[in-house]
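Atoms within each ligand, like the ligands themselves, are counted from 1 in listed order. Please read all numbers here as calculations on a predicted model, not as lab measurements.
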Amino acid sequence: MGAPTRIGLAGLGVMGENFALNIAEKGFPISVYNITTPRIDETVERAKREGNLPVYGFSDPEAFVRSIQRPRFIILLIKAGSPVDQTIKTLSVFMDKGDCIIDGGNEWYENTERREREMAELGISYLGMGVSGGEEGARCGPSLMPGGSAEAYKNVEDILLKVAAQVPESGPCVTYIGEGGSGNFVKMVHNGIEYGDMQLIAEAYDVLKSVGKLSNEELQEVFLEWNKGELLSFLIEITGEIFGIKDDKGNGFLVDKVLDKTGMKGTGKWTVQQAADLSIAAPTIASSLDSRFLSGLKEERVEAARIFNSIEIGDVLEKQTVDKKRLVEDVRKALYASKICSYAQGMNLIRAKSIEKGWNLKLGEIARIWKGGCIIRAVFLDRIKKAYDRSPDLASLLVDPEFAKEVIDRQSAWRRVVCLAINAGISAPGMTSSLAYFDTYRRESLPANLVQAQRDYFGAHTYERIDMPGSFHTEWFKIAKQPRR
Ligand code: NDP
C-alpha cells in the first residue's frame with residue numbers, strides 16, 4: 001500500500017465486510033481491521049475477486065489507524081455494547097485530534113452520547129450512524145442515518161452520499177439526522193416500524209391461508225400483485241418470493257417447514273420501551289413485539305392448542321364460505337390502513353423524542369431516506385414525505401387529508417377483516433390494535449371520564465370538568481354510601 005487510504009472500517013462481520021467493499025467500489029480506498037485475522041484475509045480476497053477493489057487489510061490496530069489519511073474517519077460495524085467500547089479503546093490511543101469515529105451498529109442511543117462525550121475529551125469527534133438494508137444493502141447501497149457531530153458529518157458527507165442507496169428523483173438515502181444519539185434513535189424506530197410491517201404482513205398471510213384457504217401458489221400471486229400497487233415495498237416483494245421457494249430437503253414449500261418462532265435482537269423492545277417512556281401510544285409496534293414473545297412459547301402453545309382446540313372455532317372455519325377475490329381485496333385494504341397507523345405511531349415517537357432532546361428532527365427528510373436501501377423501503381414513504389412537506393407540524397399522519405381519505409375508504413374492509421379473524425379465532429393483533437388505535441384517536445369522547453372518576457374516587461387524584469375550568473375533587477365515597485332517601 002502506498003498513499004494513505006481515505007477511510008477505515010473495523011469489524012468485518014456480515015455488515016462490515018459488505019460495507020467496506022461498497023465504499024471501495026465507489027472509489028474510496030479503504031483500510032480494514034478486525035479483531036480476528038481470518039475475516040481480514042477473507043475481505044481482502046473478496047475485494048480482489050470483485051474487481052481488485054482498493055481494500056487494504058490490517059491485523060495490527062496501530063498500523064490500521066496510521067494507514068488512513070488525516071483527519072481520519074473510522075467506521076465501526078461491531079456487535080453493539082461492550083465490544084464497541086473495547087474497540088474504541090484499542091483504536092483511539094492511536095488516533096489524533098480531529099479524527100472521527102462512526103459507529104454503524106444498532107447501538108442504544110445513550111451509549112453513543114456517552115462515547116461522544118468521552119471522545120470529545122480526546123478531541124475525537126463521534127457519529128452514531130444507523131445503517132439499514134442488511135447484507136445486500138451494505139454491499140449495494142444502504143439507508144444511512146448519521147447523527148452526532150454536524151461538522152464531522154460534513155467532512156465525510158461526500159463518501160456517505162456515494163455509498164448510500166440512490167433513489168431516482170429523491171436522491172441518496174442519507175441525511176444528517178441531528179445531534180447526539182439521534183441517528184441511532186431513528187434507526188431504532190425504523191426497526192420498530194419494521195417489526196410492525198412484518199407482523200401485519202404475517203397476519204394478512206394468516207387470514208388468507210387459514211380463512212381463505214389460499215395455497216402458497218395463490219399467496220405468491222397475491223403478493224406479487226400487491227407489489228404493483230400502493231403496498232409496493234421490499235417486504236411485500238420478498239414475501240411473494242418466499243411463497244415460491246420449494247423445500248430443498250423434502251417435499252412441498254420451505255415456508256411451511258420453518259418453525260413458527262421469531263427471533264429478535266432488541267431494537268423492537270427498545271422502541272416500545274421508549275414509546276412508553278414518552279407516553280406515545282404505539283400499539284401496532286407493541287403488538288408485533290408481543291407476538292414475537294408469544295411465538296417463542298412454542299411448547300406452551302402446543303399444549304394450549306390441545307386444551308383449547310375447541311370444536312366451535314373449528315366449526316366457524318369449516319362453515320365459512322369465503323369469496324376469495326373479495327377477501328384478498330379486503331385484506332389488502334386492512335393491511336394498508338393498519339400500516340398507516342403503524343407509521344403514524346413511529347413518526348410520533350421520533351417527534352416526541354426530538355422535542356425532549358431538542359434534536360429538531362425533520363420527519364419528511366427521515367421518510368425520504370427510508371425510501372431506498374432499507375428494509376422498510378416502500379413507495380408509501382414518498383406519501384409520508386409529502387404529508388410532512390405539506391405540514392411539518394402534522395399532529396398525526398392519520399389526519400393528513402390524503403391519508404385520512406385513504407383510511408376512510410378502507411375502513412369497512414378493515415373492520416370486516418378484523419371481525420372475520422376474531423370470529424375465526426385467528427389472532428391478528430397488529431390489525432386489531434391498529435383499528436383500535438384509529439377508533440380511539442378519531443373519537444371526540446372516550447370513556448376516560450369514568451376512569452378519571454374512579455381515580456378520584458379511590459385516590460383523590462382530582463378531575464377536570466367539561467363545562468368549567470379548574471381542578472375538582474369529589475367525596476364520591478361519602479355521597480355513594482349515604483343512605484338513600
Ligand atoms: P456480525 O456478527 O456478522 O459481526 C460482528 C462483528 O463484530 C465481527 O466482525 C466480530 O468479529 C466483531 N466483534 C464481536 N465482538 C467483538 C469484540 N469484543 N471486539 C471487537 N470486535 C468484535 O454482525 P453484523 O455485521 O450483522 O452487525 C454488525 C452491527 O451492525 C451490529 O450492531 C448489528 O446490530 C448492526 N446491523 C446489522 C444488520 C444485519 O442485517 N446484519 C443490519 C443493520 C445493522 P469476530 O467475528 O472476528 O469476532
Do [Y] and [X] meet the salt-bridge criterion of a basic N to acidic O distance under 4.0 Å?
X: Glu230; Y: Lys339; answer: no
X: Asp382; Y: Lys386; answer: yes
X: Glu157; Y: Lys154; answer: yes
X: Arg115; Y: Glu118; answer: no

Discussion item. With no hydrogens and no angle check, just 3.5 Å: does a side-chain donor-acceptor pair link Tyr336 and Glu406?
Written reply: yes
Please produce the table of protein N or O atoms sitting under 3.5 Å from N or O atoms belonging to ligand 1, one pair a line, distance to 0.1 Å.
unit_1	atom_1	unit_2	atom_2	d
ligand 1	3 (O)	Val14	N	3.0
ligand 1	7 (O)	Lys79	N	3.4
ligand 1	9 (O)	Leu12	N	3.1
ligand 1	9 (O)	Gly13	N	3.2
ligand 1	9 (O)	Asn34	OD1	2.8
ligand 1	18 (N)	Gln86	OE1	3.0
ligand 1	25 (O)	Val14	N	3.2
ligand 1	25 (O)	Met15	N	2.8
ligand 1	32 (O)	Ile78	O	3.3
ligand 1	32 (O)	Asn106	N	3.0
ligand 1	34 (O)	Asn106	ND2	3.1
ligand 1	46 (O)	Arg39	NE	2.8
ligand 1	46 (O)	Arg39	NH2	3.0
ligand 1	47 (O)	Asn34	ND2	2.7
ligand 1	47 (O)	Thr36	OG1	2.4
ligand 1	47 (O)	Arg39	NE	3.3

Side-chain donor-acceptor pairs under 3.5 Å in residues 17-28, sequence neighbours left out?
unit_1	atom_1	unit_2	atom_2	d
Glu17	OE2	Arg46	NH1	2.7
Asn18	OD1	Arg46	NH1	3.2
Asn18	OD1	Arg46	NH2	2.9
Asn18	ND2	Val14	O	2.7
Asn22	OD1	Lys26	NZ	2.6
Asn22	ND2	Ala138	O	3.0
Asn22	ND2	Val163	O	3.1
Glu25	OE1	Arg139	NH1	3.1
Glu25	OE2	Arg139	NH2	3.1

